[in-house]
Amino acid sequence: MGITLGIIGAGTIGRVHALAAKEMGMKIGGVADILPDKAAKLAADVGGVPSYDHADKLLANGSIDAVVVGVPNIDHKPLAIASMKAGKDVLLEKPMAMNTAECKDINAVVKDTGRILQIGYVQRFSTVGQGAKQLIDTGALGKVYHAKAQLIRRRGIPGLGGWFTTKAQSGGGPLIDIGVHVIDLSLYLLGGKKPSRVSGKTYSHFGSPIKDYLYESMWAGPPNYDGVFDVEDEAHAMIHFEDGTSLNIDVAWAMNAPEDKIPVNQMAFYGDKGGMVFELFGDHVVLANELNNRNADSKLYLPQVEMHQQQLADFEKACQTRSAPIATGDQGELVQSIIDAIYTSSESCREVTL
């Protein structure tokens with residue numbers, strides 16, 4: 001038998017998880033949100049399940065085995081901990097928490113309660129994420145010594161003036177929002193290499209004053225012109241690993257990057273036997289190597305998967321078998337430690353040792 005899933009947070013990402021679970025045939029036991037109308041709407045959309053105006057009420061439902069926590073970043077730690085202490089396994093959306101110290105607090109409760117905690121690093125389950133992992137693991141690239149990860153929006157500040165752009169509620173801007181995806185996927189593909197030092201720089205040029213921000217559409221919008229924008233809109237970093245491998249990260253919510261000239265969501269991995277490049281949301285990878293004593297490029301098309309369903313399937317398996325999920329709390333803490341180090345490096349204008 002499968003698990004019964006609860007959804008905490010009926011916003012955009014909570015809806016994504018709920019609809020993916022419904023499509024998979026997973027049983028949904030309830031939806032909770034501090035905005036009762038949103039909870040009721042999502043609960044109706046996934047089959048008329050109970051809705052709650054507070055997470056505690058959902059956690060008191062004994063028929064629910066596990067929960068998805070998809071709420072603003074400031075609430076990740078308290079709701080993850082409350083859920084585990086209530087006997088629920090947890091799929092916790094990214095970022096794991098506001099900072100490394102909060103991640104440590106969450107992981108301490110994982111150890112105390114024995115609950116399953118999976119971090120929502122969904123790009124591991126994407127078409128290209130899975131395909132790239134297979135290529136690296138089979139040795140097609142040989143020893144990987146350098147990687148690049150870029151996720152850039154020309155004008156994509158989400159909910160300008162809301163919680164996304166308020167550091168006290170989000171922890172930061174695109175680095176903690178979308179940077180977690182490319183940092184985690186890079187670490188996953190590099191196969192457990194240990195980062196040792198970080199240098200980084202963040203910038204903020206586009207979101208303040210809010211009234212002057214030029215955009216065509218806004219996710220989590222519209223803008224709140226009386227709100228706050230005190231986070232970065234762009235971040236760059238170089239991460240060094242103990243074995244000499246290096247990783248370059250470029251992420252931005254807003255940047256003057258012409259989209260038809262510059263790949264805005266490209267990842268690349270370079271090894272001594274081959275190289276690999278792919279678009280983060282694409283359907284293929286390009287492998288560069290040697291064939292018959294000639295340089296060769298191969299475009300490898302991959303089976304299409306629905307990554308949120310793949311993620312939920314892995315979570316359900318971990319819950320049922322009481323085994324570690326693919327994306328663990330310890331890995332979430334490592335990603336957060338890199339993010340914290342990038343912020344520290346930018347603020348102090350120095351390289352930071354991990």
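Values below: all heavy atoms of this structure, side chains included; hydrogens, waters and symmetry mates excluded.
- Leu160 and Met255 fall into different hydrophobic clusters, where Ile, Leu, Val, Met, Phe, Trp and Tyr side chains are chained together by heavy-atom contacts under 4.5 Å.
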Working for side-chain hydrogen bond (donor to acceptor under 3.5 Å, both in side chains), residues Tyr343 and Glu232: CA-CA 10 Å; Tyr343 283 132; Glu232 82 282 359; 2.8 Å; yes
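- By the criterion of side-chain heavy atoms lying less than 4.5 angstrom apart, applied directly or through intervening Ile, Leu, Val, Met, Phe, Trp or Tyr residues, Leu185 is grouped together with Met307 in one hydrophobic cluster.
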Pair Val90-Ile106, side chain to side chain contact (heavy atoms under 4.5 Å, CB included): steps then yes or no: CA-CA 11 Å; Val90 178; Ile106 294 171; over 6 Å; no
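- Scanning both residues, Gln311 and Gly120, for their nearest heavy atoms gives OE1-CA, 3.2 Å.
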Trace of the side chain to side chain contact (heavy atoms under 4.5 Å, CB included) decision for Leu5 with Leu312: CA-CA 10 Å; Leu5 189 69; Leu312 280 169; 4.1 Å; yes
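- Across Gly332 and Ile119, no two heavy atoms sit closer than the pair CA-CG1, 4.3 Å.
- When all heavy atoms are compared, the tightest approach of Ile64 to Gly6 is CG2-N, 3.6 Å.
- Residues passing the salt bridge (Lys or Arg N to Asp or Glu O under 4.0 Å) test with Lys193, sequence neighbours excluded: Asp243.
- Ionic pairing of Lys41 and Asp37 is not present here: no N-O contact between side-chain nitrogen and carboxylate oxygen is shorter than 4.0 angstrom.
- The shortest non-hydrogen separation linking Ile7 to Leu58 is O-CD1, 3.7 Å.
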Just distance, no hydrogens or angles: give the donor-acceptor pairs under 3.5 Å from side chains in residues 295-304, sequence neighbours left out.
none

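- Taking the ring-ring contact (aromatic ring centres under 6.0 Å, His included) definition, one finds that Tyr52 meets it with nothing, sequence neighbours left out.
- With sequence neighbours excluded, the residues forming a ring-ring contact (aromatic ring centres under 6.0 Å, His included) with His17 are His308, listed by chain and number.
- Sorted by first and then second residue, the ring pair (Phe, Tyr, Trp, His ring centres under 6.0 Å) pairs with a member in residues 154-173 read Phe164-Trp219; sequence neighbours excluded.
- Shown here are the salt bridge (Lys or Arg N to Asp or Glu O under 4.0 Å) partners of Asp89, two or more places apart in sequence or in another chain: Arg115, Arg322.
- The existence of a salt bridge linking Asp314 and Arg124 is excluded, since no basic side-chain nitrogen approaches an acidic carboxylate oxygen closer than 4.0 Å.
- Looking at Thr165, its side chain does come within 3.5 Å of a backbone N or O of Val228 through a donor-acceptor pair.
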Test log, rule side-chain hydrogen bond (donor to acceptor under 3.5 Å, both in side chains), inputs Gln336 and Asp340: CA-CA 6 Å; Gln336 189 64 52; Asp340 288 357; 3.1 Å; yes
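- For Lys27, there are no salt bridge (Lys or Arg N to Asp or Glu O under 4.0 Å) partners at least two apart in sequence or on another chain.
- Note on Met96: it clusters hydrophobically with Val335, by side-chain heavy-atom contacts below 4.5 Å among ILVMFWY residues.
- Taking every heavy atom of both residues into account, Ser51 and Ala43 meet most closely at CB-CB, 3.8 Å.
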Check against side chain to side chain contact (heavy atoms under 4.5 Å, CB included), Val182 and Gln150: CA-CA 7 Å; Val182 293; Gln150 179 174 288; over 6 Å; no
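- Not counting sequence neighbours, the partners of His76 by the side chain to side chain contact (heavy atoms under 4.5 Å, CB included) test are Val71, Asn73, Leu92, Glu93, Pro95.
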Side-chain donor-acceptor contacts of residues 267-287 below 3.5 Å, not counting sequence neighbours, with atom names and distances?
| from | atom 1 | to | atom 2 | distance (Å) |
| --- | --- | --- | --- | --- |
| Asp272 | OD1 | Lys143 | N | 2.8 |

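- Not counting sequence neighbours, Asp112 has no partner by the salt bridge (Lys or Arg N to Asp or Glu O under 4.0 Å) test.
- The ring pair (Phe, Tyr, Trp, His ring centres under 6.0 Å) analysis of residues 222-246, with sequence neighbours excluded, yields no pairs.
- Closest of all the heavy-atom pairs between Ser337 and Thr100 is CA-OG1, 3.3 Å.
- By the 4.0 Å N-to-carboxylate-O rule, Glu351 lies close enough to Arg197 to be salt-bridged with it.
- Counting only residues at least two apart or in different chains, ring pair (Phe, Tyr, Trp, His ring centres under 6.0 Å) contacts with residues 114-159 are absent.
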